[in-house]
Amino acid sequence: MMRTKQSPKGLLLAAVALAVMAAVPLHAQDDPFAAPAAVVEETTAVLTDTAGDVAVVATEAVAVVAPEEPAEEPTPVEAFWSGKEAEQAIFTVNNLWICLAAALVFLMHLGFSAVESGLTQSKNTTNVLFKNVFIICMGLLAYAAYGFNAMYPGDNWSIPGWFAMGSPIANGFTESDAIVANLTSEYNAGYTIWGDFIFQAMFAATAATIISGAVAERIKLGSFMLAATIIVAFAYPITGSWEWGGGWLSEDFIDFAGSSLVHAFGGYAALAAVLVLGPRAGKYVDGKIKPILGHSMPLATIGVFLLFLGWFGFNGGSVLSADPVLVSLVFVTTALAGAAGGLAAAFTSWTVLKKPDLSMSLNGMLAGLVGITAGADSIAPWPAVLVGAISGIIVVFSVLMFDRLKIDDPVGAISVHGICGNWGTIAVGIFGAGVLSTQIIGTVAISAFAFIFSLVTFGVIKAIFGLRVSAEEEEQGLDIGEHGQEAYPDFVANK
Amino acid sequence: MMRTKQSPKGLLLAAVALAVMAAVPLHAQDDPFAAPAAVVEETTAVLTDTAGDVAVVATEAVAVVAPEEPAEEPTPVEAFWSGKEAEQAIFTVNNLWICLAAALVFLMHLGFSAVESGLTQSKNTTNVLFKNVFIICMGLLAYAAYGFNAMYPGDNWSIPGWFAMGSPIANGFTESDAIVANLTSEYNAGYTIWGDFIFQAMFAATAATIISGAVAERIKLGSFMLAATIIVAFAYPITGSWEWGGGWLSEDFIDFAGSSLVHAFGGYAALAAVLVLGPRAGKYVDGKIKPILGHSMPLATIGVFLLFLGWFGFNGGSVLSADPVLVSLVFVTTALAGAAGGLAAAFTSWTVLKKPDLSMSLNGMLAGLVGITAGADSIAPWPAVLVGAISGIIVVFSVLMFDRLKIDDPVGAISVHGICGNWGTIAVGIFGAGVLSTQIIGTVAISAFAFIFSLVTFGVIKAIFGLRVSAEEEEQGLDIGEHGQEAYPDFVANK
Amino acid sequence: MMRTKQSPKGLLLAAVALAVMAAVPLHAQDDPFAAPAAVVEETTAVLTDTAGDVAVVATEAVAVVAPEEPAEEPTPVEAFWSGKEAEQAIFTVNNLWICLAAALVFLMHLGFSAVESGLTQSKNTTNVLFKNVFIICMGLLAYAAYGFNAMYPGDNWSIPGWFAMGSPIANGFTESDAIVANLTSEYNAGYTIWGDFIFQAMFAATAATIISGAVAERIKLGSFMLAATIIVAFAYPITGSWEWGGGWLSEDFIDFAGSSLVHAFGGYAALAAVLVLGPRAGKYVDGKIKPILGHSMPLATIGVFLLFLGWFGFNGGSVLSADPVLVSLVFVTTALAGAAGGLAAAFTSWTVLKKPDLSMSLNGMLAGLVGITAGADSIAPWPAVLVGAISGIIVVFSVLMFDRLKIDDPVGAISVHGICGNWGTIAVGIFGAGVLSTQIIGTVAISAFAFIFSLVTFGVIKAIFGLRVSAEEEEQGLDIGEHGQEAYPDFVANK
Amino acid sequence: MKKIEAIIKPFKLEEVKDALADLGIEGMTVSEVKGFGRQKGHTEIYRGSEYTVDFLPKIKIEVVIADELAEKATGAIVKAAKTGKIGDGKVFISPVEEAIRIRTDETGDKAV
Amino acid sequence: MKKIEAIIKPFKLEEVKDALADLGIEGMTVSEVKGFGRQKGHTEIYRGSEYTVDFLPKIKIEVVIADELAEKATGAIVKAAKTGKIGDGKVFISPVEEAIRIRTDETGDKAV
Amino acid sequence: MKKIEAIIKPFKLEEVKDALADLGIEGMTVSEVKGFGRQKGHTEIYRGSEYTVDFLPKIKIEVVIADELAEKATGAIVKAAKTGKIGDGKVFISPVEEAIRIRTDETGDKAV
Ligand SMILES: Nc1ncnc2c1ncn2[C@@H]1O[C@H](COP(=O)(O)OP(=O)(O)O)[C@@H](O)[C@H]1O
Ligand SMILES: Nc1ncnc2c1ncn2[C@@H]1O[C@H](COP(=O)(O)OP(=O)(O)O)[C@@H](O)[C@H]1O
Ligand SMILES: Nc1ncnc2c1ncn2[C@@H]1O[C@H](COP(=O)(O)OP(=O)(O)O)[C@@H](O)[C@H]1O
């Protein structure tokens, strides 16, 4: 999802993709888009398969071949406003796609709501749902008020490459806004600033949602809301700016749609939160793990399918244009990795746990999707299957491991988003266009920042306001304790 | 959603938007779209913010500046059929977007089904769902058979500006249909007549769905079906024609996507229905309000998120083209207003009712969305936040008020759609491109018509067929009474 | 969904549609797309209504009028790579739409999951959901590994027109792949091979899903998974190749989006499976039919609405381009037929069964959608209403009939997909562009193949592994028996 | 001590509870049951097949009470639960030999 | 009067009800219970952790009946509920001192 | 024989069951009930209107047992179920005249 700096040519990626193909760079005059492109590392690995193998061709050569910055080339936005209808049409398609992708990512918040409430107890359902409603509402507003400009600072860094102060998005179209269709002239993605903002804003709230699942069934509502707001508004844009905002990681590190920047970020923030908060009462008794059952498998399944659907927008929209080759390739790698993750987790649980476990298979689908997120545009279809399958295996063992470590994560968020987010980022260094060491540095840096920031945030809030509901409230359920409102008042619950 | 009469230039709106910006109209030769536009009142307010303030610039001036009707300019449809591929591409994008927007609005009917069944008792769930299935099926067919042509009569008014008889949509493409891609040459929106029809048809059924929620748990099925059919088929197109069909309100009144024409219409029709029908048994006992609990908060939450998603189509599609600036702006204002409404209602309920109420927060999201609907394209992002937040506050107090007035509305439809529909329309006169007095006249006229028409319809049906199920049936539940079919036969319900 | 062989002109169909209109073929120079088209049988019937009647104009004449194969005309893909931006824009829109349509069809798998689990007992819910998770994951991978190339063999037939061996999809873009943007130069649909693949892959899993519902609540998990894999991987591509792959049916038989190739295929495979498997215990006792109630009407309703939504992608994407006339027409016929099916089934059940049956109305919506699938692009709107309404009536009687025959289909899949799939295919010979006898031959051939293949598959698996869970497991529920996992552990189930 | 078991119509629970509370009875236990009796069930239909629901939802109230209070309590229940329509339910009285309050180990009449 | 309480397997409810109806018994009250007994529960697994479900679903039928009918009713229940497999359940008979029909205030054998 | 009915807090079920099993008691029947007592319910709010939930979830355990075991069993239940906080519940003991094991037709103490 990184917007290429200064020389943004969203629509040229496909051309380059072609060019790199078979490692036979096309000459500029053969390029169907009539202009060679520079910095396009993320999109090259896909083209590696001349001989039908899963070979990866390094792309630096191409980046060298292509002359940097042909000054006379108009940006997509300039092209749009140039009055040429063909350019306007392409701009319009790109913009429509980014808006639709934003809508699909919005739907992921329903997906999270459903998964999280399905995999927790009915006495906490209202609370889980309320938190999710809060997160998407707060997330959009906080990103508008501060985060967007902190994540995409252009030249306005406070600490160059590391930190930028945020500010509210502009309230209307200034003339220059309209011309560059973006916040600053540093970024230019070929669609309007509004499309850009709404897509990024939908992403932002995701991190908090990931935490929400892991801390469910025992966290004080007010304390959670405070922590979530701080993390979404301030922490997420920081790591975001490192990579997508053009910061210190943006040069070589590859994280296409956020295996690290969104998922590992959320997963490690969740891990810290769980460590500060402790496990649910009754989960670990006398050294034994006692399962606390999710109350509705249909709800969990609805959630995962909606997340899968939303991922087409999450990854597909991260192409940042409607480029036909890249968007459709991303759809394929995303779907195949999710499918492979689901199957792998199903068979892993069947083998290891003796029964095919639905909740694990659902986690596996998500794990596969998280895994492919960093390289959805640069990993070929069959390696994508492999990346997804490995994610699906990892997630089962990771869930078992965290349980053994008495780290209580009701929905498996740390494993799905944290561990598989790491794996997915690293996989780009194996199967995709990335360099392994850089990928490791990047994902560790982002995960560590998220973990520490979250540890401090939850730690301080715990010290000041307390973090856990009382034992009585936990037993009775947070629905009554925090909201005085049951989720299913017509039905008799077992306990 | 009004299609500009005679001089339709969907794609030119953005250009004009730019032109009006900073109140410095561009000259025709600077206009990137190479043609100045006329009647564009709805789209101007957004551009008002040169100095960063939320100033509203009246747009009449511009409408004057722009020469009316440059005769040589081809319509989008003519351009499409002209054989020029660039025009065809733009036409194709516009058309695809209107179709996708129709699909998103279709999904709102699932949203309504889920919200309404979630916020009512489990013994009436089958009945609530059946009504929603009926409404979308009947709505599409009734609009095809009569409503579309009654709402968009072109020159074929029965009482000019006030009423037109409907007729079935054409069964195939006549040549002239194809050329103008519309029902009559009076309207031209830059996409095919089929795209136009299906988008409008999905809107039409919404009014009845709004009523459905308010009268749930006590209305006779057959009587409801009759009333809903009459209102969708005959009443909705009348007020629709006043504004979007080019009638008496279409000159100065601004209701972009239907805060009044759809939502207040539905809300006030619901109010009349509830007055004729009376409250549910056991709701108001000895002067005290006894809550009747909704049976499934997950269902209600699923419904609201799906409605939020659908609203991107509802408002975004009402741009009537894929115009990049307007569509993306509408996505932003819609999302921010919905988020602000949700947060505002959550905190209002927390403050006023002592607990953060999930069902009120969900109502608040919808209230924010209803509120921004009239001005989603002409209110800048931060004022949109304000409009949404005020909606979220209004809706809590409105729900409390109607309960105190013993007007029993199980899902809060009158408050969400009626009251916030009024507010949203008026807000365009404050923050958007409208004139306050005109906005008030328009929303009052539409609400009053809906109220009276509904009062008469339900009154007459009550007199002839009866409107309420028997006390025994109400106690036992309408699922058994009307359908002989329980919604959850495997589960023990509390009562 | 057949890709026209050798002379692919997705975008020209609209022009021809116009041309055929009023049976007055346009001359080539009047054609807005500047090029006459050949093989376009599927798209002509819509234009039949000059006089406002539902007359069907045979289209052979036109096909003759149009000169076959103007050799100099570039394919959409060649046009895309030609560097002309207008062509690139159109290519980009087409490709975006096919990808979005794939995402919508993906959502249908959630729809099926919800319908099937809603209409079965709560003690089998985890099992039903698991099967659906498995099917979509397996389906995507099997289609990638074998099915896609078996269904679209180009010239690589094993038995010409009847059977082709499959092979894995290519792993990357070879140059020639990229240029023709397709698997072989035999097909060319104007979008990338990835878009093509992912759309087709989402279809493939559907057949197994249809079976899944019919055999629910009694089939052994492992045996089902094996059978489903065989059918999706091997059987579905065979009949698919007959028509869409350019095989023996592709000349005259018309099945636009798969009333036969997907739905009747699935329905008849389900019928065979049920015959081999037998009814659920307790369904037919002493010659009496004892209903076994579905456990959640909201879940069933959510499923049907999502399927309806997905159908816009299923049918709309089968246009294989974003052609504005065809896509929007398909949206209209699809929606009206679904609505008519729902209403017709509601009133049929009300009349015949004395009560308006929600589950039958939901089946009716699906029946209407299945019915219009074969002719969504060639049946005019009002005949589409008729086709849908007849489907809605058929489905009620068909469900009753199969019950009387002691063929136990918990969700009505055989009736909805099998019988109405047949009807929809035949309807194209009555109201659409097809020839009645050809339509009958085609649908019978496809249904018979599916039935026999499925009979043998399930028969052999029954002989080797067994097909049915034990009577105790069936009584206790497959959730505990197969998965050791309850779907609703917090709630007391009635039995 | 006596145990009074009353099977009543669900919507009468509130009134019966209030009637008992008015007598100073401070404890009772309630459960959901299904009743079969002279009040007939109803016929439902699912996908074309009819079936009869014989069992109607009822509420069972159990009160254990000192012997001397039993009659008054029974009277109060009957009065509060009566609608006069079929299906109003039954009250059964049976002997209880001992009662213990778990919290305090109190027994006998003091425990209830 | 006697109260007959029978704990049976859920799928036997229909047969037991019919057997009682055949004896002319017109009323009974049914509830869902969970039974713990010689019939062992089953092990389930959730996200990798095993747990045992000790309590199996059973149905409790309560019939209050005139003394002289008790034996016949008990026999009918036992016969109808028997499968011969473990977990078939129990029948318990206990004394009831009084029964009242709420609708009519009838008492004693007439009330049941 | 005696029937011991214990109304306890739901989360104590496991402990009470284990305590009874330790005594060699092999069968019991459990149901979900709602209790009204000194332990007050809570006030909830729905869309602006307050209401009181008077009935709290409790578990009822029923054990039929030979006379001589009754005291021990009662003691075990009371001990296991006690938290010392209000709402711990009650134990009631009443006479049972006969018990029959459906599977084997055994009666009396052998049946339980
Ligand atoms: N003999 C009985 N034993 C136990 N419960 C009974 C008996 N007779 C009736 N009941 C309960 O009383 C309820 C009401 O009885 P019913 O015969 O329908 O009406 P009524 O009490 O007005 O005569 C039944 O639904 C059942 O729960
Ligand atoms: N002593 C008892 N008191 C109350 N209920 C009992 C007792 N023993 C058994 N039950 C009930 O009877 C059911 C069946 O008993 P179980 O020992 O499993 O089989 P069986 O009746 O065949 O010996 C149990 O699930 C339980 O509900
Ligand atoms: N007289 C009674 N008859 C039947 N059940 C009772 C009676 N008194 C109390 N109970 C049951 O015991 C439960 C606990 O009683 P409560 O008065 O709240 O606390 P405690 O047992 O600590 O005094 C109640 O919820 C109710 O279910």
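Nothing here was measured: the structure is a model prediction, and the numbers come from that model. Just so it is clear: chains get the letters A, B, ... in the order the sequence lines come, proteins before strands, and each one is counted from 1.
At a threshold of 4.5 Å between non-hydrogen side-chain atoms, the residues D:Y46 and C:L358 do not count as touching. The side-chain heavy atoms of C:K355 and D:E50, taken from C-beta on, include no pair separated by under 4.5 Å.
Per-residue heavy-atom pair counts under 4.5 Å with chain D were compared for C:V352, C:N363, C:V396, C:V399, and the maximum is reached by C:N363. Between chain D and the options C:G294, C:S349, C:G412, the largest number of non-hydrogen pairs under 4.5 Å is found for C:G294.
Between D:R47 and C:D357, the shortest heavy-atom contact is N-OD2, 3.0 Å. Residues C:L353 and D:I45 share a closest heavy-atom pair of O-CD1, 3.4 Å.
The environment of D:K82 atom NZ is dense: over 12 non-hydrogen atoms of other residues, nucleotides or ligands sit within 6.0 angstrom. Counting heavy atoms of neighbouring residues, nucleotides and ligands inside a 6.0 Å radius, atom NZ of D:K40 exceeds 12 of them. More than 12 heavy atoms of other shown residues, nucleotides or ligands fall within 6.0 angstrom of atom CD in D:E106. Within 6.0 Å of NZ on C:K406 lie more than 12 heavy atoms contributed by other residues, nucleotides or ligands.
At a 4.5 Å heavy-atom cutoff, the contact between C:L400 and chain D is made by side-chain atoms alone. With a 4.5 Å cut-off on non-hydrogen atoms, C:V395 does not touch chain D at all. At a 4.5 Å heavy-atom cutoff, the contact between C:K354 and chain D is made by side-chain atoms alone.
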